[in-house]
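Take a look at the structure set out below.
In listed order, ligands and their atoms are each counted from 1.
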Amino acid sequence: MGKGFYEVPVAVNEPVMGYAPGSAEREEVLATYKKMYHSRIDVPMFINGKEVETGDTGNMAPPHDHQHSLGVYHKADQSLVQEAIDTALEARKKWSKMPWEQRAGIFLRAAELIAGPYRAKINAATMLAQSKTVHQAEIDAACELIDFLRFNVQFMTEIYAEQPESTSGAWNRLEYRPLEGFIYAITPFNFTAISGNLPASAALMGNVVVWKPSDSQVYSAKVIMDVFREAGVPAGVINMVMGDPVMITETVLASPDFSGLHFTGSTNVFKDLWKKIGTQIHTYKTYPRIVGETGGKDFIVAHPTSNPKQVATAITRGAFEFQGQKCSAASRCYIPASMWNEVEGYLKADLASISMGSPEDLNNFVTAVIHEGSFDKLASFIDQAKSDSDAQIIAGGNYDKSKGYFIEPTVIKTDNPKYTTMCTELFGPVVTIYVYPDNQWSETLQLVDETGEYALTGAVFSEDRYALEEAVQALENAAGNFYINDKPTGAVVGQQPFGGARGSGTNDKAGSKLNLYRWISPRMVKETFVTPTDYRYPFLG
Ligand code: NAD
C-alpha cells in the first residue's frame with residue numbers, strides 16, 4: 001500500500017457541451033465525423049496489450065448509411081479467447097497487488113483523456129457506429145463515461161475507508177481484495193459509456209477482465225481501448241475479444257477461474273447465461289458474481305391533475321430520443337380520458353416538427369435504428385398494429401431501409417391494456433398509449449404494476465400529492481428508477497444510480513458504490529497485540 005491516506009479529486013459531473021451553431025465543439029466533431037467517415041479502419045482485438053488481427057472479419061457500417069463501410073473488425077477463434085483468459089490471469093499476479101492510488105491514477109487519466117483530446121473522436125465514433133445525434137453521443141460517450149470513471153474512483157476510496165471497530169488489544173482491518181480469477185464483461189450496443197464502464201469498474205477494483213463488446217459497437221469500443229492504453233492500463237488487464245458470442249461465452253464459462261459476469265443486454269441472453277453458469281457451478285473455484293442489467297418496458301402514467309404539455313414532452317423525449325433504444329425509454333403510457341385529446345395534440349405537433357436522417361445533419365432529432373434485425377422486428381410490430389382490431393397507429397408507422405434503417409417515430413393507441421406492444425420490449429421508436437377512465441386511478445396503477453415482466457424505469461405525473469403518494473406506494477416494485485413529473489430516461493452517474501429488478505436485472509446500480517461491491521471479496525485481518533499464553537479463563541479459578 002501507499003505511504004499516506006490520499007484523497008482523490010472530488011468527482012463532479014462532466015458539463016454537457018451544447019454544440020450550438022457556430023460553436024468550436026460543433027465544428028470539431030463534424031470535421032472528425034467527416035474524416036472518420038472517409039477512412040476505413042481495421043479494428044483488432046486487444047490481447048495482452050497487443051493488437052491481434054485474424055483475417056476473419058466482420059463489416060462495420062453506419063446504421064444510417066448501411067452501404068458505406070467504415071472498415072472491418074477481427075474475430076477470435078477459441079484459442080484466442082483462451083489466450084485472453086490466460087493472459088488476464090497472468091496479468092492478475094501484478095495488477096491485483098497494485099496500490100489503489102496507481103489504479104485510480106490510470107482511470108482518472110482515462111477520464112481526462114476523454115474529456116479533452118478524445119472527446120470529438122469518441123463522440124464522432126458513437127455517431128457513426130450507433131447513429132446517435134451529437135447530443136446523444138455527448139451525454140453518453142463523453143459525459144457518462146467520464147462520470148463513471150471519476151465517480152467510481154471516489155466510490156472505491158469510500159469503500160476502502162469503511163473499516164470495522166478495533167480495540168486497544170486488537171487491530172481489525174478489512175482488505176477489499178479483487179475476486180480470485182477473472183471477470184467476463186459483455187456489453188450492449190446502445191451505450192458507449194456502458195461499454196467502457198463494465199470492464200473498467202471491475203478493473204479499477206483490482207480485477208482482470210475479458211471483455212466482449214457488441215458487434216454493433218466495436219467501432220466506438222476501439223476508441224475506448226485506445227484511451228485505456230494511453231491512460232496506462234497495463235497489458236492483459238483488460239482484453240477485448242470479438243466474434244461469435246456463443247463460442248466466446250462457452251470458452252470463458254468453461255474456465256475454472258471464471259469469477260464474475262458483468263453483463264448489460266437483453267433479458268433472455270442474460271437468463272441463458274445465468275443458466276449456463278448454474279449448470280457448470282461445480283467447474284468454478286469460487287462462486288461467480290453475476291451482475292446483469294437487462295431489458296425494460298418503461299412506463300409513463302399520468303394522473304388527471306397533471307399538466308398535458310409536460311406529459312406530451314416527456315413522451316416525445318422519453319420515447320423517441322436515440323430512436324427509443326435506451327433501456328429506460330418510455331414505451332407504454334397510461335393517459336386519463338379527460339386529458340387525452342390535449343396530450344395527443346401536443347404529441348402530434350411534436351412529431352410533425354421532428355426530422356429524421358443522418359446524425360451528421362444536426363437538424364435531425366431521430367436517426368436510424370441499430371441494424372436490419374432490429375428494423376425488421378420493429379416493422380413487423382408496426383404492420384401487425386396496422387391490421388389488429390384493438391390497435392390503431394395514430395402517428396408515424398412508416399419505415400424505409402433503402403439507405404439506412406429508418407423507422408418513423410410511431411404512436412400506437414390501444415383499447416387493450418395487455419396489447420402485445422404494451423408488454424413486449426421493442427427497443428425502437430414505438431410507443432403505445434392506453435387511455436384509461438379518469439375514475440380508475442387505483443386500478444390503472446395496478447395495471448401498470450402487473451403488465452409485463454420488467455421493472456426498470458417508470459414515471460408518474462400528478463399535481464395531486466395524495467395521488468402521487470398512492471403511485472409511489474403502488475409502484476414500489478415496478479421500477480428500479482422511478483421519476484416524479486419527469487421523463488423516465490437520462491439517469492446521471494452519481495445522481496441517479498441506475499438499474500431495475502424483476503426481469504430487468506440484478507439491480508446492482510451502475511454508477512454507484514453498490515456496483516463496485518460486487519467486484520470485491522473482503523478479507524478480514526485481525527492482529528492481536530499481546531497474544532495469550534494460558535488457555536485458562538479467570539472463571540476457572
Ligand atoms: P443483446 O442482448 O442482443 O446483446 C448484448 C451483448 O450480449 C452483446 O455483446 C452480444 O453480442 C451478447 N450476446 C448476444 N447473444 C449472446 C449469447 N447467446 N451469449 C453470450 N452473449 C451474447 O442486447 P443489445 O441489443 O446489444 O442491447 C439492447 C438490450 O440491452 C435491451 O434489451 C436493453 O434494454 C438492454 N440494456 C439494458 C440496460 C440496463 O441498464 N438495464 C442498459 C442498456 C441496454
(Q) I'd like to check the side-chain hydrogen bond (donor to acceptor under 3.5 Å, both in side chains) partners of Arg332; sequence neighbours left out, ordered by chain and number. (A) Tyr334

Q. Residues two or more places apart in sequence or in another chain: which of them pass side-chain hydrogen bond (donor to acceptor under 3.5 Å, both in side chains) with His371?
A. none

Check ligand 1 for N or O atoms under 3.5 Å from a protein N or O and list each pair with its distance.
{"from": "ligand 1", "atom 1": "2 (O)", "to": "Ser266", "atom 2": "N", "distance (Å)": "2.8"}
{"from": "ligand 1", "atom 1": "2 (O)", "to": "Ser266", "atom 2": "OG", "distance (Å)": "2.5"}
{"from": "ligand 1", "atom 1": "9 (O)", "to": "Thr187", "atom 2": "O", "distance (Å)": "2.7"}
{"from": "ligand 1", "atom 1": "9 (O)", "to": "Lys212", "atom 2": "NZ", "distance (Å)": "3.1"}
{"from": "ligand 1", "atom 1": "11 (O)", "to": "Lys212", "atom 2": "NZ", "distance (Å)": "2.8"}
{"from": "ligand 1", "atom 1": "26 (O)", "to": "Phe189", "atom 2": "N", "distance (Å)": "3.1"}
{"from": "ligand 1", "atom 1": "30 (O)", "to": "Gly265", "atom 2": "O", "distance (Å)": "3.3"}
{"from": "ligand 1", "atom 1": "32 (O)", "to": "Glu425", "atom 2": "OE1", "distance (Å)": "2.7"}
{"from": "ligand 1", "atom 1": "34 (O)", "to": "Glu425", "atom 2": "OE2", "distance (Å)": "2.7"}
{"from": "ligand 1", "atom 1": "41 (N)", "to": "Thr294", "atom 2": "N", "distance (Å)": "3.3"}
{"from": "ligand 1", "atom 1": "41 (N)", "to": "Thr294", "atom 2": "O", "distance (Å)": "2.8"}

Q. Between Thr192 and Gln130, does any side-chain donor sit less than 3.5 Å from a side-chain acceptor?
A. yes

Just list the side-chain donor-acceptor pairs under 3.5 Å for residues 251-262, sequence neighbours left out, or say none.
{"from": "Thr251", "atom 1": "OG1", "to": "Met247", "atom 2": "O", "distance (Å)": "2.7"}
{"from": "Ser255", "atom 1": "OG", "to": "Asp257", "atom 2": "N", "distance (Å)": "3.1"}
{"from": "Asp257", "atom 1": "OD1", "to": "Lys285", "atom 2": "NZ", "distance (Å)": "2.8"}
{"from": "Ser259", "atom 1": "OG", "to": "Phe182", "atom 2": "N", "distance (Å)": "3.3"}
{"from": "Ser259", "atom 1": "OG", "to": "Phe182", "atom 2": "O", "distance (Å)": "3.0"}
{"from": "His262", "atom 1": "ND1", "to": "Leu198", "atom 2": "O", "distance (Å)": "3.0"}
{"from": "His262", "atom 1": "NE2", "to": "Asn515", "atom 2": "ND2", "distance (Å)": "3.2"}

Q.
Between the side chains of Arg92 and Glu180, is the shortest nitrogen-to-carboxylate-oxygen separation below 4.0 Å, so that they form an ion pair?
A. no

(Q) Is it the case that atom CZ in Arg502 sees more than 12 heavy atoms from other parts of the structure closer than 6.0 Å? (A) yes

